[in-house]
Amino acid sequence: MTAVLKRPLKLALVQLACGISKLTNHHRNIGADKAANLSHARAKVLEAAKAGASLIVLPECFNSPYGTQYFPKYAETLLPSPPTKEQSPSYHALSALAAEAKAYLVGGSIPELEPTTQKYYNTSMVFSPTGALIGTHRKTHLFDIDIPGKISFKESDYGKIGLSICYDVRFPELGMIAARKGAFLLVYPGAFNTTTGPMHWSLLGRARAVDNQTYVAMCSPARDMSATYHAWGHSFIVDPNANILGELEEKEDIVYADLDNETIESMRKGIPVTTQRRFDVYTDVGEV
Ligand SMILES: NC(=O)CCC(=O)C(=O)O
């Protein structure tokens, strides 16, 4: 999916502690307690909003332990939209939180149960600062006017973001299609692990940034060695030149970066691959 946001903007990735934690009694089993996770996510998102972030991202499976064995217990029904509070407490919590934070909120992902087919999905929901749902993504493998003193509206100040989930980052086509449709930022709520994380997490995010000359944001849960799945952590934000603007370690924390148009424009001017494609020689797979 793509969403449209005004730039420049401050982006925050919330590397949430969402596995089962043994840190303190207070935090014990927080990963297994959806209501506690939603309340903890609220506190961290409001912290990011207070720091000035207008686009805030939560990680993959932010309100449940990560693992398909947990899907039946934690899954919510999102269709028909809008769901009731009973069908999807997370939908309502995220919608209210986006409005409270007055920020765009990429709600990481949650397990979804499709009521007709009874199939499970790993689904991300995106809310606007009014609390409206503006997009969803299920993991799959310019009007410019300036009349002085009257009206000024610059549609080109707005940009789209492309959203995929975790393993999706290994499929360059998704990011490429989003970038070719105008996305300036590719967001991946994700939960790599302590095996594949050190090998590929950073490499893949930086590769997608260079491929598409966009910003890329990879938002992981914090690592919890007492959970059944050990998330890599290391949430990071990278610019279109593959420079890491900020990266976390494995514990709970928030990383911020200011994103602008100029960096993308200057990168695309300097290395103009976006205008040099040879569709007379090979097929335009990004044109779908
Ligand atoms: N949650 C995921 O999709 C994990 C993907 C992963 O670890 C990988 O290496 O890819």
Open item on the list: Check this for me: does any side-chain nitrogen of one of Glu100 and Arg42 sit under 4.0 Å from a carboxylate oxygen of the other?
Closed with: yes

Open item on the list: Looking only at side-chain N and O atoms, does Thr228 offer a donor or acceptor that is under 3.5 Å from a partner on Tyr70?
Closed with: yes

Task: ring pair (Phe, Tyr, Trp, His ring centres under 6.0 Å) between Phe192 and Tyr167, worked out - done: CA-CA 8 Å; Phe192 272 38; Tyr167 188 61; 8.0 Å; no

Task: Approximate separation, where rounding is to 0.5 Å, of Ser164 OG and Arg138 CZ - done: 15.0 Å

Open item on the list: Using the side chain to side chain contact (heavy atoms under 4.5 Å, CB included) definition, which of the options Leu204, Val106, Val169 pairs with Tyr188?
Closed with: Val169

- [ ] Give me the ring orientation class for Trp232 and His234: parallel if the planes are under 30° apart, tilted from 30 to 60°, perpendicular past 60°.
- [x] parallel

Open item on the list: Treating Thr123 as the side-chain partner and Glu112 as the backbone partner, does any N or O pair qualify as donor plus acceptor under 3.5 Å?
Closed with: no

Task: Side-chain touch Leu163/Val126, heavy atoms, less than 4.5 angstrom - done: yes

Open item on the list: Main chain of Gly108, side chain of Glu60: is a donor-acceptor contact present, judged purely on distance under 3.5 Å?
Closed with: no

Task: Short side-chain donor-acceptor distance under 3.5 Å, Gln87 and His92 - done: no

Open item on the list: Just verifying a value: how many Å separate Met218 CE and Ser202 OG, rounded to the nearest 0.5 Å?
Closed with: 8.0 Å

- [ ] Kindly say whether Ile165 contributes a backbone atom to a donor-acceptor pair with the side chain of Asp168 at under 3.5 angstrom?
- [x] yes

Open item on the list: How about CD on Glu265, more than 12 heavy atoms from neighbouring residues, nucleotides or ligands closer than 6.0 Å, or not?
Closed with: yes

- [ ] To the nearest 0.5 angstrom, please state how far the CG atom of Leu248 sits from the CZ atom of Phe236.
- [x] 11.0 Å

Task: Spatial distance of atom CG (Leu11) from atom CG (Leu13) [nearest 0.5 Å] - done: 5.0 Å

- [ ] State whether a side-chain donor-acceptor pair under 3.5 Å links Ser90 with Asn63.
- [x] yes

Task: Pairwise distance OG(Ser81) to CG(Leu133) - rounded to 0.5 angstrom - done: 5.5 Å

Open item on the list: Using the side chain to side chain contact (heavy atoms under 4.5 Å, CB included) definition, which of the options Thr214, Leu259, Thr263 pairs with Phe184?
Closed with: Leu259

Open item on the list: Is the shortest side-chain heavy-atom distance between Ile110 and Met125 below 4.5 Å?
Closed with: yes

TODO: Would you check if Pro59 and Cys18 make a side-chain contact, meaning some heavy-atom pair closer than 4.5 Å?
DONE: yes

Task: Carboxylate-amine/guanidinium proximity below 4.0 Å for Glu76 and Lys34 - done: yes

Open item on the list: Between Ile134 and Val187, is there shared hydrophobic-cluster membership here, with clusters defined by ILVMFWY side-chain heavy atoms closer than 4.5 Å?
Closed with: yes

Open item on the list: Salt bridge or not between Lys50 and Glu47? Use side-chain N to carboxylate O under 4.0 Å.
Closed with: no

TODO: Output the distance between atom CD1 (Ile56) and atom CD1 (Ile254), rounded to the nearest 0.5 Å.
DONE: 8.0 Å

Task: Residue pair Asn212 / Met176, side-chain heavy-atom distance below 4.5 Å - done: yes

